[in-house]
Asks: 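The following block contains the structure, expressed as structure tokens.
Computed from a predicted structure; not experimentally measured. Quick note on labels: first sequence line is chain A, next is B, and so on, each numbered from 1.
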Amino acid sequence: MFHQLEVERGMSSYPFHEIEKKWQQYWDEHHTFATPDDFSKPKYYVLDMFPYPSGAGLHIGHPEGYTATDIIARYKRMKGFNVLHPMGWDAFGLPTERYSMTTGIHPATATAANVMNFTRQLKMLGFGYDWSRQVNTTYPQYYKWTQWMFLLLYNSWYDEKEQRARYIDELSIPADVSDVEAYKDEHRLAFIAMIPVNWCEELGTVLANEEVDEWKEKGYSVERRPMRQWMLRITKYAQRLLDDLELVDWVASTKEMQKNWIGKSEGAEVQFPILGTEDTVRVFTTRPDTIFGATYLVLAPEHPFVKDIVTAEFADAVKEYQDKAAVKSDLERTELAKEKTGVFTGGFALNPATGEPIPVWIADYVLAHYGTGAIMAVPAHDERDHEFARQFNLPITEVIESPHDVYEQAFTGKDSPCVNSSNAEVSIDGLAYNEAFKTIVGWLKEKGIGHRTINYKLRDWLFARQRYWGEPIPIMFFEDGTKRALDIDELPLELPEVEDFKPAGTGESALATVEAWVNFIDKKTGKRARMETNTMPQWAGSCWYYLRFLDPHNDAAFCDPAKEKYWMGTNADSGGVDLYVGGTEHAVLHLLYARFWHKVLFDYGYVSTKEPFTKLFHQGMILGEDGRKMSKSLGNVINPDDVVQDYGADALRLYEMFLGPLEATKPWSGKGIEGVSRFLNRAWRLVMTEHKTLSPDVVDIPLTPEQNRTLHQTIKKVGEDIETMSFNTSVAQMMMFVNEFTAAEKKPREAMEKFVLCLAPFAPHIAEELWQVLGHTTSVALASFPEYDENALVQNEVEIILQVNSKIRAKAMVGVTASEGEMEAIALANPEIQKHIDGKSIKKKIIVQGKLVNFIVG
RNA sequence: GCGUGGGUGGCGAAAUCGGCAGACGCACAGGACUUAAAAUCCUGAGGGGUGUAAACUCCGUGUGGGUUCAAGUCCCACCCCACGCACCA
């Protein structure tokens with residue numbers, strides 16, 4: 001179909017359709033971007049966050065980050081680097097599986113079609129990927145190694161002393177342990193736990209977090225129900241994940257987000273004996289200095305001790321409250337809850353500092369999964385406890401000298417001294433936070449009822465989904481209750497074929513309906529076995545794909561060690577992917593998970609660097625022309641296929657770079673791309689005739705000094721701007737170049753050639769064509785980026801500003817070497833300046849060489 | 001509430017170390033070419049005021065204050081917007 005706009009533009013535009021196709025074909029045929037493992041050259045590894053190949057195809061936002069990395073890859077190649085710039089597919093996941101459930105089309109088939117479409121679009125945009133290194137997380141050859149890494153985690157424990165992962169066989173088993181396997185399981189980095197999931201009774205399915213709202217809106221009920229889950233012990237790495245942020249060059253906000261997510265907080269754990277039982281409740285607090293003001297305890301409704309503490313009188317109320325809490329979502333428990341709720345258990349604990357009995361409550365403002373799931377409440381000095389105490393008339397005792405009545409409002413300051421805080425053994429009265437903390441924790445420790453501790457918000461990673469379309473977990477369970485991890489020669493454990501991709505209805509995935517999967521004889525042991533029916537979450541494959549690109553076809557290892565050392569570098573503290581570009585939506589989870597796996601691999605020497613990604617950059621979002629987020633319902637979606645059809649790939653690439661700073665969120669403009677398209681046309685006409693031959697105006701003549709300066713300024717600016725990722729200003733500089741040389745009657749060949757080299761990383765198709773017509777027979781992508789000549793930038797004369805009382809009154813050209821005296825003389829001789837200083841006395845002179853002269857008169 | 005960015009013409013945006021605010025592009029206006037249009041090329045332009053004009057002059061980078069010969073840039077206080085976290089003891 002012929003596009004309306006193209007008919008209108010037909011004659012006036014350079015033939016981008018023709019040349020873009022031509023050069024894309026050329027690059028394919030000549031393997032221009034194949035990356036050799038040539039260890040003699042310096043390397044540069046630039047990586048895009050690989051996409052999920054959705055049915056919708058490429059979004060207009062995709063080419064933004066991809067163009068940026070493509071420019072850098074092409075530039076670095078022209079600068080003599082061996083550049084690795086790969087692409088692949090993060091193809092396991094829910095949308096494809098859901099599509100398969102409704103259509104019956106196998107997710108692998110749907111994925112293949114989507115990958116084909118994405119590949120077509122990426123090639124259409126002229127990205128110089130080494131397609132021979134393409135990876136797909138859903139291919140058994142790939143997920144073999146995802147499973148291998150899972151087993152590495154499974155077969156590991158974390159040695160706190162050495163601060164690293166070690167093989168589980170090296171775990172020393174205490175003499176009094178009878179069940180050795182159970183003891184090992186408790187220490188593995190991949191382990192099974194009972195963890196609440198989103199269970200929907202009507203659907204008979206576990207829902208992913210992102211599905212919960214959707215189904216609730218449709219009127220289905222979703223309940224938190226504990227189920228058997230695989231977990232990864234990422235919390236063991238919390239401190240290293242926090243510390244090593246120092247090693248990487250990432251945007252401050254992303255580092256900050258990771259820090260907050262890890263959420264380190266230093267405090268103390270204290271034991272409170274429960275009256276009438278042998279139990280003690282452990283609480284975590286960052287304010288042990290306020291322990292004398294702890295007037296009650298609160299347990300999370302899910303706390304396991306609740307059933308032991310509750311008295312018969314309060315049993316019904318407590319049960320009712322627990323049941324209600326179970327069906328509340330996290331959102332309902334936090335954001336929407338304006339008033340605090342809770343119930344008294346009837347039980348009492350002993351405040352070890354005051355020796356007083358204090359009531360034990362349960363309330364959902366205490367989170368089961370943070371700290372110990374229990375708190376000591378100090379209503380005088382904590383806002384949440386204060387609110388709760390007022391609500392339920394619990395005592396409020398001031399133990400930090402406060403500037404106001406703590407009955408009216410909690411005082412949370414740390415600078416005031418403690419009061420009412422002494423017993424027969426210890427006193428912290430008069431001490432401020434730091435000293436009080438030390439003293440009271442010292443006392444608690446001496447008594448054996450408390451110690452200093454560090455808590456993290458970070459939780460262990462729930463590493464299981466009750467779904468079909470994911471990596472199978474390579475563990476089998478035997479009838480006798482034992483289990484066995486697969487050996488490497490048994491990998492990959494491939495997904496079996498199923499009739500129906502829907503979950504089994506029992507809370508298990510469709511794998512549970514495959515007889516051969518859940519009821520078979522294990523060849524190695526001869527025992528009747530059942531394979532794990534959970535699959536891995538979508539994050540799994542993306543945890544290590546950057547390593548697979550280094551050696552994508554290796555069947556003996558996830559990556560050859562020599563290749564790993566070359567591409568990632570051998571300096572543990574500063575190596576890794578040189579540049580990683582992707583959206584902020586992955587600022588926390590993907591990047592944290594990948595760092596975690598990388599550190600485990602590092603502990604075993606499989607990788608050489610502590611961190612996977614040296615430098616990280618987030619491209620901003622492109623909004624619709626109306627300034628709102630693009631969405632089908634708003635009808636403001638721009639489709640890359642249409643834009644390429646109308647203006648060509650080079651124009652789209654260049655426009656997305658010219659739009660503004662790469663990291664900024666900015667709206668699309670249909671008019672804006674026309675301006676960039678005009679620029680490409682002007683560049684074309686600089687070199688080409690209407691008959692696609694070299695313009696007779698391009699001749700071998702020397703450049704004028706002004707032209708020479710513009711040329712070298714352009715080379716300098718474009719090169720520097722690429723290094724700092726300021727692509728918008730490099731495009732502006734190239735526009736200035738074209739404007740200046742369009743005005744020139746004759747176009748010096750040297751200037752044209754060097755300009756084409758500058759343009760090549762940005763608009764590679766038109767650059768190839770111009771390069772060819774300028775007489776070259778090899779690809780411009782393989783040419784060298786020009787060097788700029790510092791001498792050419794030097795100007796003989798500079799314009800300085802002449803000021804009187806800091807107001808600009810005149811300008812003057814002076815020799816670049818003019819002394820302060822000469823500048824002053826020129827200023828004084830200027831009639832405008834004379835006019836303004838006439839009749840007044842010069843009180844002060846400010847002269848900045850090459851910049852300005854300023855007379856202060858009065 | 002906390003954290004992190006950011007606020008510059010009609011619009012997207014530039015502006016090394018504090019030194020001509022608004023580069024480059026869009027939109028706009030005028031002109032050339034054309035029978036006409038499109039395309040292309042050239043020119044103009046932050047806002048206000050005085051002036052036939054040349055020109056002159058005042059104001060101007062979210063708001064208020066400060067430092068400085070000089071502030072978009074540095075300091076203090078505040079307002080607004082975006083993103084992230086959000087009862088984390």
Asks: Under 4.0 angstrom, heavy atoms only, what part of the nucleic acid is A:E663 near: base, sugar-phosphate, or nothing?
Replies: nothing
Asks: Tell me: NZ of A:K671 to C1' of B:C28, nearest whole Å?
Replies: 12 Å
Asks: Provide, to the nearest angstrom, the distance between the CD atom belonging to A:E832 and the P atom belonging to B:A55.
Replies: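 So the CD-P distance, A:E832 to B:A55, works out to 11 Å.
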Asks: Scan A:T254 against the nucleic acid and name what it touches under 4.0 Å (heavy atoms): base, sugar-phosphate only, or nothing.
Replies: nothing
Asks: So, using side chain to side chain contact (heavy atoms under 4.5 Å, CB included) as the criterion, who are the partners of A:A374 when residues are at least two apart?
Replies: A:V281, A:V283, A:L299, A:H303, A:T372
Asks: Could you tell me whether A:S669 contacts a base, only the sugar-phosphate backbone, or nothing, with contacts defined as non-hydrogen atoms closer than 4.0 Å?
Replies: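 If one applies the 4.0 Å heavy-atom cut-off, A:S669 turns out to touch nothing in the nucleic acid.
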Asks: Any side-chain donor paired with an acceptor under 3.5 Å for A:T729 and A:D721?
Replies: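 Side-chain D/A pair, A:T729 to A:D721: present.
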Asks: Figure out the CZ/P separation between A:F679 and B:C26, and round it to whole Å.
Replies: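 Answer to the nearest Å: 12 Å.
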Asks: Can a side chain N or O of A:H369 be found less than 4.0 Å away from OP1 or OP2 on B:A89?
Replies: no
Asks: Is the shortest heavy-atom distance from the side chain of A:M376 to the side chain of A:T290 under 4.5 Å?
Replies: yes
Asks: Can a salt bridge be assigned to the pair A:R653 and A:E64 using a cut-off of 4.0 Å between side-chain N and carboxylate O?
Replies: no
Asks: Rounded to whole angstroms, how far apart are NZ on A:K851 and C1' on B:C17?
Replies: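 Those two atoms, NZ and C1', are 8 Å apart.
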Asks: Remember a base hit wins even if backbone is also touched, and classify A:H836 as base, sugar-phosphate or nothing at under 4.0 Å, heavy atoms.
Replies: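 Contact class for A:H836: sugar-phosphate only.
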Asks: For a quick test of reading the model, state the closest non-hydrogen atom pair linking A:D385 to A:V378 and the distance between them.
Replies: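 In this case the closest contact between A:D385 and A:V378 is OD2-N, 2.9 Å.
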Asks: Is there a side-chain contact between A:K844 and the phosphate of B:C69, meaning an N or O under 4.0 Å from OP1 or OP2?
Replies: yes
Asks: With ring centroids as reference points, do A:W668 and A:Y655 lie under 6.0 angstrom apart?
Replies: yes
Asks: Check every atom of B:A23, B:A14, B:G3 against the side chain of A:P661 and return the nucleotide holding the closest atom.
Replies: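 When the side chain of A:P661 is considered, B:A14 is the closest of B:A23, B:A14, B:G3.
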Asks: Any donor-acceptor pair under 3.5 Å linking the side-chain atoms of A:T710 with those of A:Q713?
Replies: no
Asks: What's A:I846 touching, base or sugar-phosphate or nothing? Going by heavy atoms closer than 4.0 Å.
Replies: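 The residue A:I846 makes base contact.
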Asks: Quantified in whole Å, what is the C1' atom distance between nucleotide B:U57 and nucleotide B:U8?
Replies: 24 Å
Asks: For the P atoms, the ones on B:C26 and on B:U35, what distance do you get once it is rounded to whole angstrom?
Replies: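 The answer is 28 Å between these two P atoms.
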Asks: Starting from P on B:C42, measure out to CZ on A:R678 and report it in whole angstrom.
Replies: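 The distance from CZ of A:R678 to P of B:C42 comes to 12 Å, rounded to the nearest Å.
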Asks: With the side chain of A:A732 defined as its heavy atoms from C-beta on, choose the nearest nucleotide among B:G12, B:C85, B:C24.
Replies: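 For the A:A732 side chain, the nearest candidate turns out to be B:C24.
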Asks: Considering just the side-chain nitrogens and oxygens of A:S265, establish if one lies under 4.0 Å of OP1 or OP2 belonging to B:A89.
Replies: yes
Asks: Rounded to whole angstroms, how far apart are CZ on A:R685 and C1' on B:A39?
Replies: 9 Å
Asks: For the base of B:C87, is there a side-chain donor-acceptor partner from A:K340 under 3.5 Å away?
Replies: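 Indeed there is one.
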Asks: Whole angstrom is fine here: how far is it from CD in A:E674 over to C1' in B:A38?
Replies: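 Going from CD in A:E674 over to C1' in B:A38 covers 12 Å.
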Asks: Pick the C1' atom in B:G22 and in B:C59, then give their distance to the nearest Å.
Replies: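 Between the two C1' atoms, the distance is 16 Å.
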Asks: When the C1' atoms of B:C87 and B:C2 are compared, how many Å lie between them, rounded to an integer?
Replies: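 Result for the C1' pair: 13 Å, nearest Å.
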Asks: Distance between the P atoms of B:G60 and B:U73, in whole angstroms?
Replies: 13 Å
Asks: Among B:C41, B:G12, B:A89, find the nucleotide with the atom closest to the side chain of A:R682.
Replies: B:C41
Asks: Give me the distance, rounded to whole Å, that separates B:C81 from B:C33 when you measure between the C1' atoms they each carry.
Replies: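 Straight-line distance between the two C1' atoms is 48 Å.
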Asks: Could you work out which one of B:A13, B:G3, B:A89 sits closest to the side chain of A:N260?
Replies: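 My answer, after comparing the listed nucleotides, is B:G3.
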Asks: Could you give me the CA-CA distance, side-chain angles and deciding distance for A:D697 and A:K747, then say whether salt bridge (charged side-chain N to carboxylate O under 4.0 Å, His left out) is met?
Replies: CA-CA 6 Å; A:D697 291 339; A:K747 330 285 183 195; 5.1 Å; no
Asks: What contact category does A:K457 fall into here, base, sugar-phosphate, or nothing, at under 4.0 angstrom with non-hydrogen atoms?
Replies: base
Asks: Taking the same atom, C1', in B:C69 and in B:A77, what whole-Å distance lies between them?
Replies: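 Comparing C1' positions in B:C69 and B:A77 gives a spacing of 26 Å.
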Asks: Measure CE/A:M657 against P/B:A14 and give the value in whole Å, please.
Replies: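 These atoms are roughly 13 Å apart.
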Asks: Does the side-chain hydrogen bond (donor to acceptor under 3.5 Å, both in side chains) test come out yes or no for A:Y456 and A:Q239, once each step is laid out?
Replies: CA-CA 9 Å; A:Y456 298 93; A:Q239 190 62 50; 2.4 Å; yes
Asks: Counting the atoms with a prime plus P, OP1 and OP2 as sugar-phosphate, which does A:N455 contact under 4.0 Å by heavy atoms, base, sugar-phosphate, or nothing?
Replies: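 Answer is nothing: A:N455 stays at 4.0 Å or more from every strand.
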Asks: Set out, in order, the CA-CA distance, both residues' side-chain angles and the distance that settles ring-ring contact (aromatic ring centres under 6.0 Å, His included) for A:F388 and A:Y365, then state yes or no.
Replies: CA-CA 9 Å; A:F388 191 79; A:Y365 85 92; 5.2 Å; yes
Asks: Look at the side chain of A:L852 and decide which nucleotide, out of B:G19, B:A89, B:C42, has an atom nearest to it.
Replies: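 In terms of side-chain proximity for A:L852, the closest of B:G19, B:A89, B:C42 is B:G19.
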Asks: Can you identify which nucleotide, out of B:U57, B:C20, B:A89, has its nearest atom closest to the A:V366 side chain?
Replies: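 Of the candidates, B:A89 comes closest.
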Asks: Give A:N854 one of three labels, base, sugar-phosphate or nothing, depending on what nucleic acid heavy atoms sit under 4.0 Å from its own.
Replies: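 Base, at least one base atom sits under 4.0 Å.
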Asks: Looking at the side chain of A:A252, which of B:A14, B:G5, B:C24 is the nearest nucleotide?
Replies: B:G5
Asks: Taking only Watson-Crick and G-U wobble pairs with both distances under 3.5 Å, what dot-bracket line describes RNA chain B, where [ ] shows pairs that cross earlier ones and | shows pairs with another strand?
Replies: (((((((..(((......[....))).(((((.......))))).(((((....)))))..(((((..]....))))))))))))....
Asks: Under 4.0 Å from any atom of RNA chain B, heavy atoms only: list the residues of residues 800-811 of chain A that qualify, in numerical order.
Replies: A:I801, A:Q803, A:S806, A:I808, A:R809, A:K811
Asks: Going by an N to O cut-off under 4.0 Å, is there a salt bridge joining A:R809 and A:E832?
Replies: no
Asks: What's the closest nucleotide to the side chain of A:N728 if the choices are B:C85, B:U57, B:A13?
Replies: B:A13
Asks: P atom, B:C41 versus B:A27: distance in rounded Å?
Replies: 13 Å
Asks: Choose from B:C24, B:G12, B:C69 the nucleotide whose nearest atom is closest to any side-chain atom of A:I856.
Replies: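 When the side chain of A:I856 is considered, B:C69 is the closest of B:C24, B:G12, B:C69.
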Asks: In terms of side-chain heavy atoms of A:M257, which of B:G84, B:C26, B:C20 is nearest?
Replies: B:G84
Asks: Would you say that A:P288 contacts A:I440 through its side chain, given a criterion of any heavy-atom pair below 4.5 Å between the two side chains?
Replies: yes
